Colleague: 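Sharing a structure below in structure tokens format, with a few things to ask.
Computed from a prediction, not measured in an experiment: that's the story for all the values here. Just so you know, ligand 1 is whichever comes first in the structure, and atom 1 is the first atom listed for that ligand. What you see below is based on every heavy atom in this structure, not just the backbone, and it leaves out hydrogens, waters and symmetry mates.
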Amino acid sequence: MNYDKEMSAQLNQLRDDGNYRVFADLERVRGSFPRATRHDGGGTCEVTVWCSNDYLGMGQHPDVIGAMKTAIERCGAGAGGTRNISGTNHYHVELEAELADLHGKEAALIFTSGYVSNWASLGTLASRLPGCVVLSDAGNHASMIEGIRHSRAEKHVFKHNDPEDLNRKLAEIAPERPKIVAFESVYSMDGDIGPIAEFCDVAEAHGAMTYLDEVHAVGLYGPRGGGIAEREGLMHRLDVIEGTLGKAFGVMGGYIAASKTICDFVRSFASGFIFTTALPPSVAAGALASIRHLKTSNTERLAQRERVAILRRRLDEQAIPYMANESHIVPVIVGDPVKCKWITDWLLENAGIYVQPINYPTVPKGTERLRITPSPMHTDEDIDALVNALSELWSQCALARAVA
Ligand SMILES: *Cc1c(COP(=O)(O)O)cnc(C)c1O
């Protein structure tokens, strides 16, 4: 085989489909979020970032940066090993205790990313519980899908956010078999929220374990930032709550919070936990500071909510259509990959506005979109600049306006 030719052909196909990913080369500027310096062909310019998952700007928070600096001064750069072989730093232990407390669980376990936490935890639970069947929401994230696939357990996909379909599918499985129901709270791309209580009712009726991905909700919802399950008083009904330290908490890493036995089980059997270097102590220290701050401060959450409401109102005024949802995510649908890319290129080149186009396979074909994430730091002027530029583009590209 001509390897190079084969790979180039597949890449060209991706380009022709408008799905080829081009990274923006950014330098974040400490304390200036959402501003960043963009590097392009030798030159630089300032851009306003509208698509960050650092939802509350905690990656720039003085407490977080201070904690990371102190940890580097005290402990140095890396953890120096896997968790088992010299890599468990006291910051990791404190962080796990903090996360267990955040979710009202006995224990927590940290991983190098949210992706790894889903992949390793679901992969381990589903492969090690004899005869396990996994019930997976149709909208689940790639990390859960890959974890389930890796487990080689029998899998059934139920309709997105549909407890009745889950109930039907569970009813067809032999009652004595172990079952895991895996779903999310806030879905990243549509910003819709899962019916957690109903899912727990159905799972309980069939004796199934519940596994909830709260990646897009931790830090953002609930009185202490424990997520949608905290807000709705449901944390105790979930067997596993999974989250990330890389989105609203602004740092990096992933985790599960669960019973002592579940955490010990994953800790003891998950290859993706065991055979990898522990997070740098500074990263754990930063996450710890971020979680502690958001446990007691509502300021960031309230400001974000207010910014989201203002952006939606301004989009309404210009009749720019976006998907309605109950979360902080504002998906503006373009519905065509080439136009979507063209619009975001135009925004970057002409308005200093950076929104990454979201195309297939991240979202279904025909629903290509701009996924806009307002933060507490976006000003009225930022919102005006974004909405005015979009309005101009909507006219230029003859895109459909919203019907009042
Ligand atoms: C981003 C994401 C993850 C992975 O989290 P990382 O910490 O970024 O690896 C897991 N689940 C969902 C739903 C996500 O959107």
Colleague: Under 4.0 Å between a Lys/Arg side-chain N and an Asp/Glu carboxylate O for D101 and K295?
Modeller: yes

Colleague: Would you call R307-D380 a salt bridge at under 4.0 Å N-O?
Modeller: yes

Colleague: Does the distance from a Lys or Arg side-chain N to an Asp or Glu carboxylate O, for E96 and R83, drop under 4.0 Å?
Modeller: yes

Colleague: Ligand 1 versus N118, non-hydrogen atoms closer than 4.0 Å: side chain, backbone, both, neither?
Modeller: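 Just the side chain.
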
Colleague: Does atom CZ of R177 have more than 12 heavy-atom neighbours, drawn from other residues, nucleotides or ligands, at distances under 6.0 Å?
Modeller: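 Yes, enclosed.
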
Colleague: If you measure every N/O of E184 against every N/O of ligand 1, is any gap under 3.5 Å?
Modeller: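 No.
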
Colleague: Give me the nearest non-hydrogen protein atom to atom 7 (O) of ligand 1 as residue plus atom name, then the distance to 0.1 Å.
Modeller: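 Nearest neighbour among protein heavy atoms for atom 7 (O) of ligand 1, to 0.1 Å: T244 OG1, 2.6 Å.
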
Colleague: Nearest protein heavy atom to atom 6 (P) of ligand 1, by residue and atom, and its distance?
Modeller: G114 N, 3.4 Å

Colleague: Does a salt bridge link D345 with K341, judged by any charged N lying under 4.0 Å from a carboxylate O?
Modeller: yes

Colleague: Charged N to carboxylate O under 4.0 angstrom, R267 versus D264?
Modeller: yes

Colleague: Any ion pair linking E214 and K247 (charged N to carboxylate O, less than 4.0 Å)?
Modeller: no

Colleague: Which is it for K247 and ligand 1 at heavy atoms under 4.0 Å: side chain, backbone, both or neither?
Modeller: side chain

Colleague: Under 4.0 angstrom from ligand 1, any heavy atom of S143?
Modeller: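 S143: in contact with ligand 1 (<4.0 Å).
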
Colleague: Examine H216 against ligand 1 and note whether any of their N/O atoms are separated by less than 3.5 Å.
Modeller: yes

Colleague: Any N or O on G246 sitting closer than 3.5 Å to an N or O of ligand 1?
Modeller: no

Colleague: Heavy-atom contacts with Y115 under 4.0 Å: which atoms of ligand 1 show up? List them by number with element.
Modeller: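 So the answer, numbered in order with elements, is 4 (C), 5 (O), 6 (P), 9 (O).
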
Colleague: Return a yes/no value for D213: is any of its N or O atoms, backbone included, closer than 3.5 angstrom to an N or O of ligand 1?
Modeller: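 Yes, there is a polar N/O contact under 3.5 Å.
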
Colleague: Using 30° and 60° as the class boundaries, would you call the ring planes of H328 and Y221 parallel, tilted or perpendicular?
Modeller: tilted

Colleague: Suppose I only count heavy atoms of S113 and a 4.0 Å limit; which atoms of ligand 1 are within that range?
Modeller: 7 (O), 9 (O)

